[in-house]
K.L.:
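Below: one structure in structure tokens.
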Number of protein chains: 2
Amino acid sequence: MGAVPAWPPRSTPRLYVETPLAPGALSLSGPPAHYLIAVMRTKAGDPVKLFDDATGEWLAVATHVGKRDLTLDVTERLREREPVPDLWLVAAPLKKGRVDWMAEKACELGVARLVPVVTRRTVVDKPNTDRLRAHMVEAAEQCGRTAVPEIADDVKLPALLRDWPADRALFFADELGGAPAAEAMRARPGPAAILIGPEGGFDDDERAAIRAHPAAVGIALGPRILRADTAAAAAVAVWMAVAGDW
Amino acid sequence: MGAVPAWPPRSTPRLYVETPLAPGALSLSGPPAHYLIAVMRTKAGDPVKLFDDATGEWLAVATHVGKRDLTLDVTERLREREPVPDLWLVAAPLKKGRVDWMAEKACELGVARLVPVVTRRTVVDKPNTDRLRAHMVEAAEQCGRTAVPEIADDVKLPALLRDWPADRALFFADELGGAPAAEAMRARPGPAAILIGPEGGFDDDERAAIRAHPAAVGIALGPRILRADTAAAAAVAVWMAVAGDW
């Protein structure tokens, strides 16, 4: 890593914006404006870093700061959108709190797509996609990322298995045992997914259906019981370390 | 894994107790009693599983249940205390919430000892050892563990480095780069520790001191910035997967 430029300062706020960025004026209102005006106390002349999960990260300078809105001059692209390893996290929705942590960690660890899968023992019926996305965007803003994981529409487990892309390995923690995770993941490079069940686990029929799927690879995550959110973060980290871009 | 016995039922409450367990009568009062009486609604004749982080896990049956206390008959040992991989997590205290999550994950993932290290940029002066222990005990109770990580006294970074045991590898995430984590960890089997800095990172002097230590091994945790608690869980998981007991 080369020298760290003196400007913009490290404390420069980073903000995700929905619209694809390009040089020129950009107006912000609503929550992003509030964040800059009231929380970061941005004044005219201050720098702001923006990213759009499409073109990369851009430098902008505040030109007009109102009470509820502000205008920025987007000047130059600092970085392209980063490459993202081809890993999906397919996870049953968990209780609020735990699912938020899981989404945040999935983003920090570089997951490409979060797929909410509904299983028989799922406690939460409707995954709150907006809240999960907000948590992931915040993690991306705070961790300097230029990409945010996609969130797929939620899908029931039988449909997920039926429509599963044949070229994508589906790693799942198998209580009956499987190859140690690092070994199994290193042996199957290429597009991958990690399947994590709900707090109560999969039921017998679900486990049989997963195990029978040609793309499924049973893995062992050690001798200790891991909560769903822990298993998700641990398995993603191991994949990144042995088959991803670490 | 063999057949799952029908009794005691899977819903049997698991409770950590401080005193070493042995067959015979055991009286409980205070928070453990409250948990059984008010939360789990334990009645005379109901089973309870107990562990003491010393002798293992024991089966007990409630014999007398009062308003604030109860007596159990400890009958048989179900399991010995589990083996624990020799990994320490040496982490600067983080803000409440994140540090709780980190302690919980450290316990679930099987860390042997948590060492709170105070660095120049540590935000929280005094790590709340009692609360961290409570979080880890709860994680152990809920995840069927028979061992709980030790928590060392907190120590300042210079003293930690000065008194560091020479035979224990000290893995730390080095922003200047290092061998990929999985590779570095696989190359150095034996007692290990993972060093995680505070939210603001180590300062230049601290990083130089760590790097200069003969036991220190710089590792890379990928191209993305990870928050301290994420880095802790990810690095521990990778160590467990490639050098631990997965």
Side-chain angles (χ1 to χ4, degrees), chain A residues 1 4 10 82-85 97-98 100-101 104-111 139-140 142-147 175-186 199-201 219-246, chain B residues 1 4 10 82-85 97-98 100-101 104-111 139-140 142-147 174-186 199-201 219-227 229-246:
Chain A
M1 297 179 196
V4 176
R10 284 188 68 174
E82 66 200 79
V84 177
R98 291 202 182 277
D100 299 335
W101 282 116
E104 191 185 296
K105 291 339 175 187
C107 178
E108 287 180 55
L109 290 168
V111 161
Q142 293 182 10
C143 294
R145 295 206 64 206
T146 55
E175 293 97 328
L176 284 199
E183 207 177 290
M185 290 171 166
R186 218 180 291 122
E199 287 97 334
I219 59 174
L221 297 180
R224 286 163 292 278
I225 291 171
L226 304 179
R227 285 181 174 115
D229 57 324
T230 313
V236 169
V238 173
W239 187 88
M240 287 294 169
V242 305
D245 61 356
W246 277 27
Chain B
M1 297 177 198
V4 176
R10 283 189 68 174
E82 67 199 78
V84 177
R98 290 199 182 278
D100 300 333
W101 191 90
E104 191 185 295
K105 291 340 177 184
C107 178
E108 286 180 56
L109 290 168
V111 161
Q142 293 182 9
C143 292
R145 295 206 64 204
T146 55
D174 191 345
E175 295 96 328
L176 283 199
E183 209 177 289
M185 290 171 165
R186 217 179 292 123
E199 287 97 335
I219 60 174
L221 298 180
R224 286 163 293 277
I225 292 172
L226 303 179
R227 284 181 174 116
D229 56 323
T230 312
V236 169
V238 173
W239 187 88
M240 287 294 170
V242 306
D245 61 356
W246 276 29

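Per chain, numbering begins at 1; letters A, B, ... match sequence-line order.
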K.L.:
Tell me which of these, G222(A), P180(A), A237(A), A220(A), has more heavy-atom pairs under 4.5 Å with chain B than the rest.
P.N.:
G222(A)

K.L.:
Considering only heavy atoms and a distance below 4.5 Å, find which of G110(B), C143(B), A234(B) pairs most often with chain A.
P.N.:
C143(B)

K.L.:
Taking every heavy-atom pair that is under 4.5 Å apart, which of A181(A), P83(A), G144(A), P85(A) has the most such pairs with chain B?
P.N.:
P85(A)

K.L.:
What part of I219(A) is in contact with chain B, defined as an atom under 4.5 angstrom from a non-hydrogen atom: side chain, backbone, both or neither?
P.N.:
neither

K.L.:
Is it the backbone or the side chain of R227(B) that comes under 4.5 Å from a heavy atom of chain A, or both, or neither?
P.N.:
both

K.L.:
Could you tell me whether E108(A) and R224(B) make a salt bridge, using a distance below 4.0 angstrom between a side-chain N and a carboxylate O?
P.N.:
no

K.L.:
Rounded to the nearest 0.5 Å, what's the gap from OG1 on T230(B) to CD1 on I225(B)? Could you check?
P.N.:
12.0 Å

K.L.:
Can you see which heavy atom on L109(B) is nearest to which on M240(B), and at what distance?
P.N.:
O-CE, 3.2 Å

K.L.:
Tell me the closest heavy-atom pair linking A235(B) and L221(B), and the distance in Å.
P.N.:
CB-CD2, 4.3 Å

K.L.:
Please classify the contact of A231(A) with chain B as side chain, backbone, both or neither, using a heavy-atom distance under 4.5 Å.
P.N.:
neither

K.L.:
Measure E183(A) against the heavy atoms of chain B and call it side chain, backbone, both or neither at under 4.5 Å.
P.N.:
neither

K.L.:
Find out whether C107(B) and R145(B) are in side-chain contact, i.e. whether some heavy atom of one side chain is under 4.5 Å from a heavy atom of the other.
P.N.:
yes

K.L.:
Working to the nearest 0.5 angstrom, can you tell me the gap between E104(B) CD and D229(A) CG?
P.N.:
7.0 Å

K.L.:
Is it the side chain or the backbone of R186(B) that comes within 4.5 Å of chain A heavy atoms, both, or neither?
P.N.:
side chain

K.L.:
Using the six-membered ring of W101(B), assess whether NZ or CZ of K105(A) lies under 6.0 Å from its centre and within 45 degrees of the ring axis.
P.N.:
yes

K.L.:
For A241(A), is it the side chain, the backbone, both or neither that has a heavy atom under 4.5 Å from a heavy atom of chain B?
P.N.:
both

